[in-house]
Amino acid sequence: MRRVGEAEVVVLGAGVAGLTAARLLRERGHRVLVVAQDLGEASRVPVALVNPLRGKRFTLARRGEEALEVALRFYSRFVPLHLGVFRPVPEGEREKVAARLGGLQHSWEEGGVLLEEAFWLEPRALLGRLAEGLSLLKARVLAWEPPYLVLEGGGRVRGEVLVYAGGGQGAHLLRLEGRHIPGLVLLLLDYFPRAISYRVYLAGSALGGSYLPHRSHPEAPPPTEGEVEWLLKGAEGLLGYRPLVASLWRGVRFRLDQPLPPGGLDLPYLFPVEGGFALTGFGSTGFLYAPWLGERLLEALGW
């Protein structure tokens with residue numbers, strides 16, 4: 001096989017996790033090569049909501065306060081951040097929710113709580129800025145054979161360290177098992193400068209959430225009428241009316257099923273594998289955790 005690339009670190013995947021890790025490594029002076037079929041992959045959602053207070057139960061994500069602080073500091077270098085996520089709180093649950101806020105900066109308003117440092121951003125602009133100056137090889141990887149990645153067409157790239165950040169599309173290369181969760185975002189004619197999140201979320205011109213159950217493969221199914229109806233009904237509950245839809249976007253998130261692998265670094269999304277590390281399986285929390293885990297990757301490498 002011919003060698004078509006070589007670097008100190010080869011990152012497989014050009015979503016938010018891979019590009020963030022590659023950017024941090026390059027800023028430390030390391031030679032980095034990113035290998036991916038395309039820029040962004042599943043991270044090209046129209047709007048990314050970075051909110052550590054998760055779900056209808058208002059659960060504070062593990063290391064959520066710390067991850068939010070790092071995400072604010074990192075992403076603000078590249079794109080505008082739209083601060084403030086309003087979370088409606090049902091009557092009678094304010095005391096319970098207040099106990100779950102931890103150290104998050106917040107203020108109470110009529111009907112709910114404003115998370116003052118949670119935010120939304122536009123991922124496509126972010127991914128483009130993160131990729132600036134990085135060496136990017138567009139190719140399909142067929143095999144993970146440290147220190148090489150074997151490419152379609154017979155080429156291979158060599159890295160002293162390999163980092164897998166490929167999400168669900170390439171999980172089979174490392175025999176990683178997880179859930180592939182289809183998500184749908186409706187693009188609206190309305191615009192919401194401050195995000196609202198309860199069951200579904202509204203941010204910018206996006207109405208997002210998940211409806212379909214997980215699947216065993218990463219291919220995206222077509223949207224269903226029931227899925228669209230569920231999203232619009234959720235929006236109506238927040239707004240009192242149904243917003244008008246202009247278009248839609250479909251993506252598939254990958255979430256690891258396996259427990260924390262041996263040697264995992266506090267969260268199950270960063271762990272050692274043959275030849276390097278895996279940085280994957282975030283589900284819907286990729287934009288929250290990517291900068292924090294990128295810093296933890298540097299620490300694990302001793303850099």
Side-chain angles (χ1 to χ4, degrees), residues 16-17 20 23-24 43 45-123 125-126 129-130 185 190-210 234-235 237-239 265-270 282-299:
V16 65
T20 295
R23 169 64 59 177
L24 290 170
S43 296
V45 62
V47 162
L49 192 64
V50 182
N51 171 22
L53 200 64
R54 313 291 299 172
K56 293 184 292 184
R57 296 182 180 179
F58 297 89
T59 301
L60 182 57
R62 187 176 178 187
R63 293 300 191 100
E65 299 164 69
E66 202 176 330
L68 179 62
E69 180 182 349
V70 177
L72 275 166
R73 184 173 66 244
F74 181 75
Y75 293 140
S76 62
R77 295 166 46 202
F78 301 97
V79 292
L81 306 183
H82 303 268
L83 293 174
V85 175
F86 181 71
R87 299 228 46 194
V89 178
E91 283 189 41
E93 293 191 19
R94 178 175 289 212
E95 185 176 346
K96 180 177 69 176
V97 171
R100 296 180 177 178
L101 292 172
L104 294 175
Q105 289 195 26
H106 66 278
S107 56
W108 289 95
E109 300 182 2
E110 183 179 354
V113 63
L114 176 66
L115 305 177
E116 296 172 352
E117 292 189 334
F119 60 91
W120 64 271
L121 56 76
E122 296 177 349
L126 172 67
R129 290 294 307 280
L130 290 175
V185 175
D190 290 346
Y191 183 83
F192 302 90
R194 187 175 78 169
I196 311 169
S197 176
Y198 187 75
R199 291 189 173 92
V200 300
Y201 69 84
L202 293 148
S205 296
L207 166 60
S210 291
L238 293 174
L239 301 172
L265 302 175
D266 194 48
L267 286 167
Y269 314 124
L270 175 60
F282 298 94
S284 62
T285 61
F287 284 87
L288 172 64
Y289 285 126
W292 188 84
L293 287 173
E295 292 186 355
R296 302 292 79 73
L297 175 63
L298 291 174
E299 292 175 0

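Note: E69 CD to L104 CG = 11.0 Å, rounded to the nearest 0.5 Å. Note that the CG atom of L270 and the CZ atom of R296 stand 9.5 Å from one another [nearest 0.5 Å]. Atom OH of Y201 sits about 11.0 Å away from atom CG of N51, to the nearest 0.5 Å.
Here the side chain of W120 pairs no donor or acceptor atom with the backbone of R194 at under 3.5 angstrom. A distance-only check finds a donor-acceptor pair linking the side chain of R87 to the backbone of S197 [under 3.5 Å]. Side-chain atoms of R23 come within 3.5 Å of backbone atoms of L130 as a donor-acceptor pair (strictly under, hydrogens ignored). The backbone N or O of R57 sits less than 3.5 Å from a side-chain atom of R100, completing a donor-acceptor pair.
For the pair V185 and P46, the tightest heavy-atom approach, listed with the atom from each and the gap, is CG1-CG, 4.1 Å. For the pair F287 and L126, the tightest heavy-atom approach, listed with the atom from each and the gap, is CE2-CD2, 3.9 Å. Summarising the geometry of V85 relative to A118, their closest heavy-atom pair is CG2-CB, 3.5 Å, with the distance given to 0.1 Å. For F86 against L114, the heavy-atom pair with the smallest separation is N-CD1, 4.0 Å. Shortest non-hydrogen contact noted between A290 and T20 is O-CG2, 3.8 Å. Nearest heavy-atom pair across Y191 and P193 is O-CD, 3.5 Å.
Considering only residues two or more places apart in sequence or on other chains, F78 meets the ring-ring contact (aromatic ring centres under 6.0 Å, His included) condition with F74. Here L238 pairs with P88, I196, Y198, V200, L202 under the side-chain contact (heavy atoms from CB on, under 4.5 Å) rule; sequence neighbours left out. Applying the ring-ring contact (aromatic ring centres under 6.0 Å, His included) rule to F192 yields no partners; only residues at least two apart in sequence or on another chain are considered. Checked against side-chain contact (heavy atoms from CB on, under 4.5 Å), T285 has the following partners two or more places apart in sequence or in another chain: R54, R255, Y269, F282, Y289. In terms of the salt bridge (charged side-chain N to carboxylate O under 4.0 Å, His left out) criterion, R94 has no residue partners (sequence neighbours excluded). By the side chain to side chain donor-acceptor pair (under 3.5 Å) test, E117 pairs with Q105, sequence neighbours left out.
Using bins of under 30°, 30° to 60° and over 60° for the plane-to-plane angle, the ring pair Y75/F119 lands in the perpendicular bin.
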- Query: Hey, mind stepping through E122 and V79 against side chain to side chain contact (heavy atoms under 4.5 Å, CB included) and telling me if it holds?
  - Reply: CA-CA 8 Å; E122 296 177 349; V79 292; over 6 Å; no
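Between R63 and E295 no salt bridge is recorded (no basic side-chain N to carboxylate O distance below 4.0 Å).
Within 6.0 Å of atom CZ in R73, more than 12 heavy atoms from other residues, nucleotides or ligands are found, so the atom counts as buried in its surroundings. Within 6.0 Å of CD on E299 lie more than 12 heavy atoms contributed by other residues, nucleotides or ligands.
Looking at heavy atoms from C-beta onward, L81 lies in side-chain contact with L72 at the 4.5 angstrom threshold.
For the side chain to side chain contact (heavy atoms under 4.5 Å, CB included) test with L68, the passing option among L115, L53, L288 is L288; the others fail.
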